[in-house]
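Notes to accompany the following structure.
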Amino acid sequence: MTSQRTRDRLVQRLVEQGVTDLEVLDVMRSTPRHLFLDEALAHRAYEDAALPIGYQQTLSRPYTVARMTELLLRDHPCQRVLEIGTGSGFQTAVLAQLVGEVFSVERIRPLQIQARQRLRTLRLRNVTLRHADGGLGWPEQGPFDGILTTAAPEEIPEELLAQLAVGGRMVIPVGGAEQSLKVVDRTEEGIQTQVVESARFVPLVSGTVR
Ligand code: SAH
């Protein structure tokens, strides 16, 4: 299930789909995705598929995790990164191995608690989790030089834009039935937005669940 060959095959698939960042590919190879799933689904962990994590949420497919991470970090090393939608914690774990510090917000409390346990098991200590509505960002910890959102708002929340440092970058799916993945850079001159590809994420929902 977690044999080196299975993981190599997944990384090969990511390369075929156009992921090029070697550091990202290395972290995708070495991060145990099966630990972020229920035991009953763990045998599917190295398929390039989105998988359910309960509460009607999904662990994004490996391609999506790798692609978003590569977009965030391309020619753009990050010290402080805000993630919205901790979910299983897998994307959080990938980020934590590539940036200085990760601040991750999840609105569903039981998911946050599980993710915390998993990140502890992996001894990833540069991660701070919070149970809150991530649409509001995390103003006390901002500004951030990276913001990555794994749930899609209809429009980019002003609060998130306001917490993006000058020189900072946000990777975010935006839209309703039709979504697109956007890369937003804040420069001295202002905001620059690039549409990268179409996307399908769970919606960003306001409020929290205990
Ligand atoms: N990155 C996660 C993906 C989980 S799916 C993973 O790799 O497993 C998206 C997550 O965003 C869900 O857990 C959902 O509960 C969360 N979410 C949705 N709206 C949110 C909000 N406003 N604030 C924080 N988290 C939110």
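When a ligand or atom number is given, it counts from 1 through the structure's own listing order. Reckoned from all heavy atoms, side chains included, excluding hydrogens, waters and symmetry mates.
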Considering only N or O atoms, set out every pair between ligand 1 and the protein closer than 3.5 Å, with distances to one decimal place.
unit_1	atom_1	unit_2	atom_2	d
ligand 1	1 (N)	G85	O	3.2
ligand 1	1 (N)	T150	OG1	3.2
ligand 1	8 (O)	S88	N	3.0
ligand 1	8 (O)	S88	OG	2.6
ligand 1	13 (O)	E106	OE1	2.7
ligand 1	13 (O)	E106	OE2	3.4
ligand 1	15 (O)	E106	OE2	2.6
ligand 1	19 (N)	V205	N	3.0
ligand 1	22 (N)	D133	OD1	2.9
ligand 1	22 (N)	V205	O	2.6
ligand 1	23 (N)	G134	N	2.7
ligand 1	25 (N)	R107	N	3.3

Revision key, fill the gap. Sorted by chain and number, sequence neighbours left out, salt bridge (charged side-chain N to carboxylate O under 4.0 Å, His left out) with R61 holds for D48

Practice item. Salt-bridge test for R125 and E101: reply yes if a basic N is under 4.0 Å from a carboxylate O, no otherwise. Key: no

**Study point:** Residues R5, D8: salt bridge by 4.0 Å N-O rule
**Key:** no

Exercise for review: Report the residues that fulfil side-chain contact (heavy atoms from CB on, under 4.5 Å) with V171, sequence neighbours left out, ordered by chain and then residue number.
Suggested key: M68, L71, L72, L181, V183

Practice item. Measure the acute angle between the ring planes of H34 and Y46, then classify it against the limits of 30° and 60° as parallel, tilted or perpendicular. Key: tilted

**Study point:** Summary of salt bridge (charged side-chain N to carboxylate O under 4.0 Å, His left out) pairs that have at least one residue in residues 65-76, sequence neighbours excluded
**Key:** R67-E70, R67-E197, E70-R74

